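Residues: numbered from 1 along the sequence shown. What you are looking at is a predicted structure, and each value in this text was computed from that prediction instead of being measured. We count ligands from 1, going down the list as the structure has it; atoms in each ligand are counted the same way.
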Amino acid sequence: MPVINRIADLQPEMQGWRRDFHQNPELRFEEHRTAARVAELLASWGLEVHTGIAKTGVVGVLRAGSGGRTIGLRADMDALPMQEETGLPYASRTPGKMHACGHDGHTTMLLGAAKYLAETRNFDGTVHFIFQPGEEGGAGARVMMEEGLFTRFPCDAVYGLHNDPTLPLGEADIRDGVMMAASDRFYITIRGQGGHASRPHACLDPIVVGAQVVTALQTIVARRVDPLESAVISVTQFHAGTAENVIPDEAKLVGTVRTLAPGVQDLVETAMRRVVETTAAAHDAVAEITYRRGYPPTVNHAEQARRAARAAETVLGNGRVRRDMPPVMGGEDFAFMLLDRPGAYIKLGQADGARGAKDVHTTGYDFNDDLLPIGASFFASLVEQELPRP
Ligand code: NI
């Protein structure tokens, strides 16, 4: 069975919702308009709607039959602080804000599944439709959990998805175990002694020290981490100085660390502290590092990954669900939900020739609307599979 027929009929309506979200992007924890629209639609189909969880999070509850089984389906709603340059007729109307990760599509696919399941109720139990704020750096999933998400709305298992521009439309990717990396941030300040650039011997140049810190940090991945393990250290900002003839007092470095295993994460953090402090000390400078742990690795539970793969195969066909692709070093805050509940996270391909193939987090990205009925059918099929009627 391909896409569910009734959901295929919903495609134009879903596309309307999606493009409306796309035109009106909202950043983390400011998704007021989006959340209001989600709540309005869910209520119009007869779902019980709860709003204001983690500020703008929404949960829709749908019950059918008398069974006690429960399932949670999660979508993210937030956009990114970027200037859209797609030139599309439905491009962002808000300068500097853009749906560049397809969360407009994720929200729409979950809405499509909710509409279909509310009409058909061909399941037995309770479905919790979880619309979360702040996936992009806000840990909105964790905030919803801190505000009692899984005690107020118990879920035997929880499932999430993401579009994937590197995978063809009609294919999916789901692994047992780790899917996405832990994502940490670091902030380094190197304090030297500024002065006239013609008299470097009378100064302590923080730029030269900073350059050596950047290089030394790369030796951690190259020489400290087991070659069979994975780690990324990227210095993404280097700020210092105000004039061409002044050595500044300090330099600031900012960046990100990605790892797949907790032991590697610990090793990298410890090694970075030592390398930063000792490299600076070798030049009589002082360096401080603030290391902030962000999202943990996104780790699928094997049993739920198998169940999600089966539902995806129902929609996409045999052999269209890849089970052997490597994890990626991006981070994802659905990881917090998978630490608390059994569940799985799946990626759905959206590349169709040139369409839908621009990478996420680029100014030319757009969600491929042909994926809408596929994602909605996946969620709906998963519910009918996991909460079957007696
Ligand atoms: Ni995303």
Side-chain angles (χ1 to χ4, degrees), residues 17-18 21-22 24-31 34-35 38 54 56-58 73-84 86 92 97-111 130-144 158-167 169 172-175 178-185 232 256 258 294-300 308 325 327-338 343-351 356-369 371-372 374-376 378-379:
W17 304 334
R18 207 283 290 182
F21 292 138
H22 193 86
N24 297 284
E26 296 173 300
L27 303 184
R28 59 189 185 204
F29 301 115
E30 295 172 357
E31 306 91 336
T34 308
V38 165
T56 46
V58 180
L73 307 175
R74 168 273 199 178
D76 38 18
M77 301 189 289
D78 56 323
L80 283 157
M82 296 169 59
Q83 181 63 39
E84 179 162 355
T86 60
S92 169
K97 297 182 188 177
M98 172 188 181
H99 268 295
C101 201
H103 299 183
D104 49 347
H106 303 164
T107 295
T108 301
M109 293 191 284
L110 190 53
L111 284 171
I130 302 164
F131 296 86
Q132 76 148 82
E135 194 285 321
E136 300 287 358
R142 186 177 60 192
V143 180
M144 285 187 86
V158 64
Y159 295 88
L161 59 73
H162 207 290
N163 75 92
D164 186 349
T166 68
L167 202 65
L169 184 71
D173 158 26
I174 182 167
R175 292 167 52 81
V178 66
M179 285 286 289
M180 309 274 289
S183 165
D184 302 338
R185 307 171 201 186
V232 174
T256 185
R258 306 298 168 102
Y295 297 167
T298 303
V299 182
N300 278 343
M325 290 180 73
V328 300
M329 302 308 278
E332 162 64 57
D333 88 338
F334 187 62
F336 290 111
M337 295 195 183
L338 292 180
Y345 178 79
I346 190 168
K347 293 196 206 157
L348 302 179
Q350 74 151 21
K358 288 249 171 62
D359 205 359
V360 293
H361 294 219
T362 64
T363 55
Y365 170 85
D366 189 31
F367 182 88
N368 185 348
D369 285 323
L371 182 55
L372 292 173
I374 292 174
F378 162 72
F379 276 137

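- Residue Glu135 comes nearest to Asp76 through the heavy atom pair CG-OD2, 3.5 Å, listed as atom of the first residue, atom of the second, then distance.
- A pairwise comparison of heavy atoms in Asp366 and His22 identifies OD1-CE1, 3.5 Å as the closest pair.
- A donor-acceptor contact shorter than 3.5 Å links the side chain of Glu31 to the backbone of Phe29.
- Leu111 is listed as a side-chain neighbour of Phe21, based on a closest heavy-atom distance under 4.5 Å.
- Excluding waters, the set of protein N/O/S atoms under 2.8 Å from the Ni ion (ligand 1) reads Cys101 SG, His103 NE2, His162 NE2.
- Inter-residue side-chain proximity for Asn24 and Thr34 is flagged as unmet; no heavy-atom pair is nearer than 4.5 Å.
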Check your understanding: Do Gln132 and His106 pass the side chain to side chain donor-acceptor pair (under 3.5 Å) test, and can you show the C-alpha distance, the side-chain angles, and the key distance before you say yes or no?
Key -> CA-CA 11 Å; Gln132 76 148 82; His106 303 164; over 6 Å; no

